[in-house]
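Comments concern the structure below.
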There are 2 protein chains.
Amino acid sequence: MALAEAILVCLTDRPMSGYDLAKTFDASIGFFWRASHQQVYRELARLRDRGLVDSTEIEQRGKPNRILHTITKSGEEAVYQWSLKPCKMPSIKDELMVKFYALENVDIPALREQLGVRIDQHRAKLSAYFRIKERFYDGKSLNVAQKGKLIALTMGISNEKELTITLENALVMLQDVEET
Amino acid sequence: MALAEAILVCLTDRPMSGYDLAKTFDASIGFFWRASHQQVYRELARLRDRGLVDSTEIEQRGKPNRILHTITKSGEEAVYQWSLKPCKMPSIKDELMVKFYALENVDIPALREQLGVRIDQHRAKLSAYFRIKERFYDGKSLNVAQKGKLIALTMGISNEKELTITLENALVMLQDVEET
DNA sequence: CTTTGCTATGCAACTATGTGCATACTGTTG
DNA sequence: CAACAGTATGCACATAGTTGCATAGCAAAG
């Protein structure tokens with residue numbers, strides 16, 4: 001399970017609470033690995049049991065207390081060991097594509113609508129990527145950690161760009177089908 | 001759960017056994033929705049319970065008997081109703097990207113190796129798509145069902161092409177990091 | 001002064017997916 | 001003739017992920 005490793009990776013940057021991590025999985029690392037807050041809290045408990053993170057409660061006034069999680073030496077070792085193992089192909093599960101595959105049994109105006117929504121989602125993601133790139137990486141001298149994040153970001157950008165174009169083309173192809 | 005719908009979609013084409021379906025989920029529709037044979041058999045049992053497929057055992061000599069599944073009227077209706085509902089964004093879970101994100105804590109030669117493997121996988125998929133396109137779709141007059149499959153295939157092709165290029169660029173960017 | 005939203009953590013139940021195994025017969029290859 | 005690959009179905013267990021809920025206090029907006 002790579003959720004454990006994704007959490008550990010986030011904690012190499014700085015100690016975080018479950019809440020911080022959940023937000024991180026909704027943005028930055030969440031671009032490559034999505035997880036809900038429930039998943040994060042559950043996995044943190046396991047990591048604590050396995051001794052890969054240290055958890056300390058921090059008193060706060062006016063807000064609920066936070067539990068700050070710090071990666072341990074064995075946590076860092078676990079990340080390194082994981083990095084040596086081959087990685088799985090991301091599993092493909094795309095309803096939109098299945099609907100195209102089933103075009104004859106599908107409501108085409110509804111599909112057109114859903115395709116439009118999907119295009120907007122990719123465009124939104126693309127502009128989010130750009131904002132991050134401009135803000136944190138453009139015209140700055142970078143260390144290895146930052147260079148890695150920039151490579152991931154760059155891959156994300158070109159992927160989203162291409163997906164947008166591909167889906168726009170599909171919209172045109174769909175129009176051809178409707179005209180017959 | 002869209003596995004049910006993906007199976008029903010396959011059965012709109014022709015009645016199939018679980019074994020046939022499992023193979024289909026390893027190729028054609030499997031390009032957009034992966035499922036193992038166990039998942040397929042389990043889901044078929046549920047579809048049978050819900051009256052969305054009819055299952056009949058066929059006697060065979062020299063081979064185990066097959067159970068042939070045929071989509072029912074309510075099965076077809078279920079596909080149509082599903083087509084009206086908005087579809088989820090495919091969930092993103094890509095270990096390779098997480099490893100780039102964690103570049104400082106990762107073994108870079110191992111990552112380079114894994115990146116090479118991934119590039120080969122995309123190239124293999126691309127040529128599989130091309131073979132199918134040439135064999136079944138090029139220079140033929142197509143009905144709506146076939147046009148839909150061709151659109152899906154065309155999207156698959158441009159996506160795999162772009163992914164290959166993106167990952168090759170990442171290989172170059174990784175080299176830059178290693179040289180410093 | 002009530003509603004909404006943010007910070008902060010987590011349980012319980014459910015659905016989905018993956019891994020390993022079991023069975024059983026046939027045809028082909030070495 | 002033994003070993004392996006292919007056809008065909010399926011159970012049991014384990015891991016992963018989703019949905020809904022519960023708590024609880026503060027700040028800001030209407």
Side-chain angles (χ1 to χ4, degrees), chain A residues 1-7 15-27 29-30 32-50 53 55-69 82 85-95 98, chain B residues 1-7 15-27 29-30 32-50 53 55-69 82 85-95 98:
Chain A
M1 125 221 54
L3 173 58
E5 283 84 6
I7 290 174
M16 285 196 236
S17 68
Y19 189 78
D20 294 333
L21 279 163
K23 276 194 297 179
T24 307
F25 276 92
D26 236 48
I29 206 176
F32 317 116
W33 198 282
R34 285 238 145 234
S36 63
H37 84 268
Q38 292 88 342
Q39 253 179 296
V40 169
Y41 281 113
R42 197 164 19 184
E43 196 59 46
L44 277 171
R46 272 181 237 169
L47 290 170
R48 195 166 33 203
D49 291 346
R50 290 163 62 198
V53 301
S55 311
T56 335
E57 193 159 358
I58 308 277
E59 303 255 342
Q60 291 196 133
R61 259 175 271 171
K63 289 175 188 175
N65 293 345
R66 344 168 50 217
I67 296 167
L68 204 65
H69 307 275
W82 161 74
K85 286 193 290 184
C87 38
K88 287 181 200 157
M89 270 285 259
S91 78
I92 309 131
K93 253 138 229 250
D94 193 337
E95 278 191 79
V98 176
Chain B
M1 124 221 56
L3 173 59
E5 283 83 6
I7 289 175
M16 284 195 239
S17 68
Y19 190 78
D20 294 335
L21 279 163
K23 277 193 297 179
T24 307
F25 275 91
D26 237 48
I29 205 176
F32 317 117
W33 198 282
R34 284 238 145 233
S36 63
H37 84 269
Q38 292 89 341
Q39 251 179 298
V40 169
Y41 281 114
R42 198 162 20 187
E43 197 59 47
L44 277 170
R46 272 182 237 169
L47 290 171
R48 194 166 34 201
D49 291 346
R50 290 164 62 199
V53 302
S55 310
T56 335
E57 192 158 359
I58 309 275
E59 302 255 343
Q60 293 196 133
R61 260 175 271 171
K63 288 175 189 179
N65 293 347
R66 344 168 49 217
I67 297 168
L68 204 65
H69 306 275
W82 162 75
K85 286 193 289 183
C87 37
K88 287 184 200 155
M89 270 286 259
S91 77
I92 310 133
K93 251 136 229 252
D94 193 336
E95 279 191 80
V98 176

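Remember, it's a predicted structure, so these values are computed and weren't measured experimentally. In what follows, chains are A, B, ... by sequence order, proteins preceding strands, each numbered from 1.
Taking 3.5 Å as the limit, the base of dG18(C) and the side chain of Arg42(B) contain a donor-acceptor pair of atoms between them. In terms of polar N and O atoms assigned as donor or acceptor, the side chain of Glu43(A) never comes within less than 3.5 Å of the base of dG17(D) in a complementary pairing.
For Leu47(A) and dG10(C), the CG to P distance is 13 Å, given to the nearest whole Å. Atom CE of Met16(B) is separated from atom P of dA8(D) by 13 Å (rounded to the nearest Å). For the pair Glu57(B) CD and dA8(D) P, the computed distance is 12 Å after rounding to whole Å. Residue Glu59(B) contributes atom CD, which lies 17 Å from atom P of dA24(C) at whole-angstrom precision. In this entry the distance linking CG of Leu21(A) with C1' of dT7(C) reads 15 Å, nearest Å. Nucleotide dA16(D) holds its C1' atom 12 Å from the CD atom of Gln39(B), rounded to whole Å. Spacing between atom CZ of Arg66(B) and atom C1' of dT26(C) amounts to 16 Å, rounded to whole angstrom units. Between Ile92(B) atom CD1 and dG17(D) atom P the separation is 13 Å, expressed in whole Å.
A pairwise comparison of heavy atoms in Ile29(B) and Ala6(B) identifies CD1-O, 3.7 Å as the closest pair. Listed here is the closest heavy atom pair of Phe25(A) and Val40(A): CD1-CG2, 4.0 Å.
Across all strands, Gln60(B) comes closer than 4.0 Å only to sugar-phosphate atoms, never to a base (heavy-atom distances). Residue Lys88(B) is classed as having no contact, given no heavy-atom separation below 4.0 Å to the nucleic acid. The residue Ser17(A) sits close only to the backbone: its heavy atoms come under 4.0 Å of sugar-phosphate atoms, none of a base. Nucleic acid contact for Arg46(A): sugar-phosphate only, since backbone atoms but no base atoms lie under 4.0 Å from a heavy atom of the residue.
Separation of atoms CG (Leu21(A)) and CG (Asp26(A)) is listed at 12.0 Å; rounding is to 0.5 Å. The OG atom of Ser17(B) sits 4.0 Å away from atom CZ of Arg66(B), with the distance rounded to the nearest 0.5 Å. Expressed to the nearest 0.5 Å, how far CZ of Arg34(A) lies from CE of Met89(B) amounts to 8.0 Å.
Note on Tyr41(B): every side-chain N or O is 4.0 Å or more away from OP1 and OP2 of dG10(D). At the phosphate of dT7(D), OP1 or OP2 sits under 4.0 Å from a side-chain N or O atom of Tyr19(B). The phosphate of dG17(D) has OP1 or OP2 within less than 4.0 Å of a side-chain N or O from Lys93(B). Dashed line: the shortest gap from a side-chain N or O of Gln38(B) to OP1 or OP2 of dC11(D) is not under 4.0 Å.
Open room surrounds CD on Glu59(B); 12 or fewer heavy atoms of other groups in view lie less than 6.0 Å from it.
Closest to the side chain of Leu3(B), out of dT17(C), dA8(D), dT18(D), is dT17(C). With dG18(C), dA8(C), dT18(D) as the candidates, the nucleotide lying closest to the side chain of Ser36(A) is dT18(D). Side chain of His37(B), nearest nucleotide from dA24(C), dT9(D), dG18(C): dT9(D).
Positionally, the nearest nucleotide of DNA chain D for Asp20(B) lies more toward the 5' end than for the other of Asp20(B) and Ala35(A).
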